[in-house]
Colleague: 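Here it is: the structure, laid out below.
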Amino acid sequence: MMAPKPRVRFAPSPTGELHVGNARTALFNWMFARHHGGYFILRIEDTDESRSALSYQVNLLNDLSWLGLDWDEGPQKKGSYGPYKQSERLDIYNEHLQKLIDADLVYPCYCTEEELEEERQALILSKRMPRYMGKCRNLTADERKQREIEGRKHSFRFKVQPQVIEFEDLIRGAMKFEGEAIGDFIIVRSNGMPSYNFAVVIDDQLMGITHVIRGEDHLSNTALQLMLYKAFGFVPPTFVHHSLILGKDRAKLGKRHGSVSVGEFRKQGILPEALINYLGLLGSSFTDGREVLSREEMIEGFVLERASKSGAIFDEEKLHWLNAIYIRNCKTEDLIERLKPFLEQAGYKTDAVDAKWLYEVIELVKTQLTTLAEIGSHIDIFFDDKYIMTAEAKEILKKDTACQVVKAFAEYLNTAAGNPQENYLAAIKYTKEKTGAKGKDLFMSIRAVLTGKVHGPELDKVFVILGNDTALKRLKPFTD
RNA sequence: GGUCCCAUCGUCUAGUGGUUAGGACGCUGGCCUCUCACGCCGGAAACCAGGGUUCAACUCCCUGUGGGACUACCA
């Protein structure tokens, strides 16, 4: 008999930009689903009304789509396990809460935040672990009524039985937690919203999730969730906790480490396939050791168990290396399309320019690019309004030989009648013969005057793109 | 503090008792070349420490050390 198709989910909370760490979790889930021909489900965990925002949710879907991580069920995609937003599943949570109330596995807690904070501080002071000590656990019916009359709101807490929790993690192996340290935790808040640990268990169960693939930061939550699975009589899914992405200081990657959101990398001109490739590589490896992999190859070679157990530092340089590879492997027509927003932003009017000509320009500078955003500094030499003479170029042109070279070159060009390709070759030949200059003296001088820079693509190609007229225009100030 | 996780070049990793410890990024030497980039060839660079187990440990066990996560009416 064939194993049932796995159902996995990515369950972000729309409280900020999509972080690369979360994107990687999404990627792992997605690759796992695609590799096994299963289902990738997107669930929005928006039970924190104060932090969730619709704009973030829109962003999230955009970023995921941009990365190419398509989901089979979730927002904008109907499935038979919805709704896929927790804020729309409130009655489901209430039903389940009632079950636990009926089974006497939960109790109302009337403590205020201030009281809880006080308790926490007292415990810390006496060097004990800060946790809820169960003040409201054994309240009598009268005491509860009294608090209701006082108008106190209550949350619901789960009665934690001291126990050892064990489970098998697909990446980490046997996991064991001493339940002793866990206090009665809140499953429904005083505003009626479910807490994370409560909602996640119900949703994963009801949505038929077979593998919970998430970050290591959820490892200790698993113990609480397992208690809930048991309380409901649910069979827990397989848990898989991958390692975290770290900053240079080996702490969990966060805002203070610089760029951490998918949106930021997009704005910097990172290609989605490069980011996906990098994220897939980070903290994992594919069997044959190759590192530049297409989406299909990643799906094909993905083995969850190969994911590393230890955290991985985010290496932007390696991301850039991959990005450069994807840029130069990109078909020039496609690259131009991707480049357009960046060109506009840098002040280049792409519509005002001949498409064929632009194609030649991009084709020529492709290999120099690391990110799309730096396009401007590579093509400025081809635009009169962007062309400027750098200090290094001026230095080159101060030399006597340079002056002679420039004059001779211009002299030939002034009377030349061929196409740019022929003209360039002939002008170089003429200049070489007339001045005796060769090598660097010859080419660098011409490069300096033509592009205003001392670095750039092959001169002959630059000249052809520039054309006779532009070349002469730039030569003129140096020939008078 | 408590619970838990982790530990191979600077970084990402391969490695499952016997290897010259392999690859990639970065760094670096050279080639190509007017320059930069690309490309090609080469180099430096690692098994956290101490005990076991074993004929043999990077690999298995223990302890220590170091790093990290969690410790909310956030997810």
Side-chain angles (χ1 to χ4, degrees), chain A residues 11-15 22 45-48 50-52 86 109 111-113 116-117 120 123-124 126-132 153-157 169 172 175-183 185-197 199-200 214-223 241 243-244 246 248-252 278 281-292 306 308-322 324-325 328 365-370 378 392 396 438-448 451 453-459:
Chain A
S13 62
T15 55
N22 287 128
E45 309 219 327
D46 56 350
T47 54
D48 186 343
S50 60
R51 295 203 311 148
S52 297
Q86 290 190 326
C109 171
C111 295
T112 61
E113 297 210 37
L116 293 172
E117 185 55 31
R120 195 190 347 268
L123 283 169
I124 291 172
S126 62
K127 295 238 170 81
R128 294 206 284 156
M129 215 225 323
R131 65 177 174 117
Y132 185 67
K153 295 246 187 254
H154 67 266
S155 57
F156 281 98
R157 286 185 186 269
D169 188 289
R172 284 152 208 284
M175 292 293 120
K176 190 172 149 189
F177 288 84
E178 305 291 337
E180 205 64 47
I182 302 168
F185 57 92
I186 288 176
I187 58 167
V188 172
R189 295 182 268 170
S190 54
N191 66 2
M193 294 298 263
S195 74
Y196 165 72
N197 284 121
V200 78
R214 67 210 331 185
E216 186 191 346
D217 47 346
H218 284 287
L219 205 47
S220 39
N221 279 327
T222 309
H241 292 94
S243 63
L244 267 21
L246 276 25
K248 294 219 186 300
D249 56 359
R250 300 213 75 93
K252 188 165 131 182
Y278 179 68
L281 229 46
L282 191 59
S284 195
S285 64
F286 294 85
T287 38
D288 60 0
R290 282 191 309 134
E291 302 204 316
V292 183
R306 283 182 72 89
S308 164
K309 284 188 270 210
S310 51
I313 293 177
F314 192 85
D315 182 1
E316 213 164 321
E317 304 222 48
K318 190 149 183 177
L319 205 212
H320 282 158
W321 166 71
L322 272 171
I325 290 176
R328 48 175 189 274
V365 301
K366 253 171 123 169
T367 57
Q368 322 244 18
L369 293 176
T370 297
H378 289 101
E392 295 109 302
I396 297 281
K438 58 180 181 180
K440 191 170 179 176
D441 282 336
L442 174 66
F443 292 101
M444 191 48 86
S445 303
I446 295 170
R447 171 181 295 285
T451 69
K453 292 182 172 183
V454 295
H455 300 307
E458 297 89 324
L459 241 196

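Only a predicted model underlies this, so the values are computations on that prediction, with no experimental measurement involved. Protein chains get the first letters and strands the later ones, always in sequence-line order, with residue 1 at the start of each.
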Colleague: So which of A/Thr47, A/Asp48, A/Asn221 actually passes side chain to side chain contact (heavy atoms under 4.5 Å, CB included) with A/Tyr196?
Modeller: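 Looking at A/Thr47, A/Asp48, A/Asn221, the match for A/Tyr196 under the side chain to side chain contact (heavy atoms under 4.5 Å, CB included) is A/Asn221.
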Colleague: Quick one: are A/Asn197 and A/Ile187 in side-chain contact, heavy atoms under 4.5 Å?
Modeller: no
Colleague: Identify the nucleotide, in any strand shown, that forms a Watson-Crick or G-U wobble pair with B/A24, with both distances under 3.5 Å; if there is none, say none.
Modeller: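 Base-paired to B/U11.
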Colleague: Please work out if A/Arg447 contacts a base, only the sugar-phosphate, or nothing of the nucleic acid, heavy-atom cut-off 4.0 Å.
Modeller: base
Colleague: Need the pair for B/A49. Rule: Watson-Crick or G-U wobble, both distances under 3.5 Å, any strand; none if unpaired.
Modeller: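 Because both required distances fall under 3.5 Å, B/A49 counts as paired with B/U63.
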Colleague: Can you tell me how far P in B/A56 sits from the matching atom in B/U19, rounded to whole Å?
Modeller: 14 Å
Colleague: With a non-hydrogen cut-off below 4.0 angstrom, is A/Arg214 in contact with a base, only sugar-phosphate, or nothing?
Modeller: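 The residue A/Arg214 makes no contact with any strand.
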Colleague: Give A/Lys252 one of three labels, base, sugar-phosphate or nothing, depending on what nucleic acid heavy atoms sit under 4.0 Å from its own.
Modeller: sugar-phosphate
Colleague: A/His241 versus A/Met175: any side-chain heavy-atom pair under 4.5 Å?
Modeller: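 Counting from C-beta outward, A/His241 and A/Met175 never come under 4.5 Å.
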Colleague: Do the side chains of A/Arg328 and A/Leu369 get nearer than 4.5 Å, heavy atoms only?
Modeller: no
Colleague: Does the side chain of A/Thr222 reach to within under 4.5 Å of the side chain of A/Arg214, using non-hydrogen atoms?
Modeller: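 With C-beta onward as the side chain, the pair touches.
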Colleague: Measuring only the C1' atom in each nucleotide, how far is B/A7 from B/C12? A whole number of Å is fine.
Modeller: 15 Å
Colleague: If the condition is side chain to side chain donor-acceptor pair (under 3.5 Å), which residues does A/Thr367 pass it with, not counting sequence neighbours?
Modeller: none
Colleague: Check every strand shown and say whether A/Arg290 touches a base, only sugar-phosphate, or nothing at a heavy-atom separation below 4.0 Å.
Modeller: nothing
Colleague: Using a cut-off of 4.0 Å on non-hydrogen atoms, how would the nucleic acid contact of A/Thr367 be classed: base, sugar-phosphate, or nothing?
Modeller: base
Colleague: Earliest and latest nucleotide of RNA chain B, 5' to 3', sitting under 4.0 Å from a non-hydrogen atom of chain A?
Modeller: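 First-to-last contact on RNA chain B, by the 4.0 Å heavy-atom rule, is B/G1 to B/A75.
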Colleague: Using a heavy-atom cut-off of under 4.0 Å over every strand shown, decide if A/Thr47 touches base, sugar-phosphate, or nothing.
Modeller: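 Touches sugar-phosphate only.
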Colleague: When you compare B/C58 with B/U16, how far apart are their P atoms, in angstrom units rounded to a whole number?
Modeller: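 Here B/C58 and B/U16 have their P atoms 14 Å from each other.
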Colleague: So what's B/C70 paired with, Watson-Crick or G-U wobble, going by both distances under 3.5 Å?
Modeller: B/G2
Colleague: Name the nucleic acid region contacted by A/Asp441, choosing base, sugar-phosphate or nothing; use a 4.0 angstrom heavy-atom cut-off, strictly under.
Modeller: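 No contact at all - A/Asp441 keeps every heavy atom at 4.0 Å or more from the nucleic acid.
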Colleague: With rounding to the closest Å, how many angstrom separate the P atoms on B/G10 and B/C5?
Modeller: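 It comes out at 27 Å once rounded to the nearest Å.
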Colleague: Look through every strand shown and name the nucleotide pairing with B/U19 as Watson-Crick or G-U wobble, where both distances are under 3.5 Å.
Modeller: none
Colleague: Have a look at A/His218 and say if it touches a base, only the backbone sugar-phosphate, or nothing, with a 4.0 Å heavy-atom cut-off.
Modeller: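 Base, at least one base atom sits under 4.0 Å.
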Colleague: Taking the P atom in each of B/U53 and B/C62, what is the distance between them to the nearest angstrom?
Modeller: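 Roughly 15 Å separates the two P atoms.
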Colleague: When all nucleic acid strands are considered with a 4.0 Å heavy-atom cut-off, which category describes A/Gly439: base, sugar-phosphate, or nothing?
Modeller: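 Counting heavy atoms under 4.0 Å across all strands, the contact made by A/Gly439 is with sugar-phosphate only.
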Colleague: Using atom P of each nucleotide, how far apart are B/A37 and B/U28 to the nearest Å?
Modeller: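 Pairwise P distance, B/A37 against B/U28, rounds to 11 Å.
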Colleague: Would you say A/Ser243 and A/Arg172 make side-chain contact, with heavy atoms under 4.5 Å?
Modeller: yes
Colleague: Applying ring pair (Phe, Tyr, Trp, His ring centres under 6.0 Å), name anything that partners A/Tyr132, two or more places apart in sequence or on another chain.
Modeller: none
Colleague: Given that both distances must come in under 3.5 Å, which nucleotide forms a Watson-Crick or G-U wobble pair with B/C31?
Modeller: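 Partner of B/C31: B/G39.
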Colleague: So which one's nearest nucleotide on RNA chain B is more toward 5', A/Leu459 or A/Cys111?
Modeller: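 Result of the comparison: A/Leu459.
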Colleague: What contact category does A/Leu219 fall into here, base, sugar-phosphate, or nothing, at under 4.0 angstrom with non-hydrogen atoms?
Modeller: sugar-phosphate
Colleague: How is A/Lys176 classified with respect to the nucleic acid when contacts are heavy atoms under 4.0 Å: base, sugar-phosphate, or nothing?
Modeller: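 Sugar-phosphate contact only.
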Colleague: Using a heavy-atom cut-off of under 4.0 Å over every strand shown, decide if A/Gly283 touches base, sugar-phosphate, or nothing.
Modeller: sugar-phosphate
Colleague: With P as the reference atom in both, quote the distance from B/G30 to B/A49 in angstrom, rounded to an integer.
Modeller: 35 Å
Colleague: Using atom C1' in both nucleotides, what's the gap between B/A45 and B/G26 to the nearest angstrom?
Modeller: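 Nearest-Å result for B/A45 against B/G26 at atom C1': 11 Å.
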Colleague: Between A/Ser308 and A/Asn191, which residue's closest nucleotide on RNA chain B lies nearer the 5′ terminus?
Modeller: A/Ser308
Colleague: Taking side chain as C-beta onward, heavy atoms only, is A/Phe314 less than 4.5 Å from A/Tyr278?
Modeller: yes
Colleague: Tell me what A/Arg131 touches on the nucleic acid: a base, only sugar-phosphate, or nothing, going by heavy atoms under 4.0 Å.
Modeller: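 It contacts nothing in the nucleic acid.
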Colleague: Under 4.0 Å, heavy atoms only, any strand: does A/Met175 hit a base, just the sugar-phosphate, or nothing?
Modeller: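 A/Met175: backbone/sugar contact only, no base atoms under 4.0 Å.
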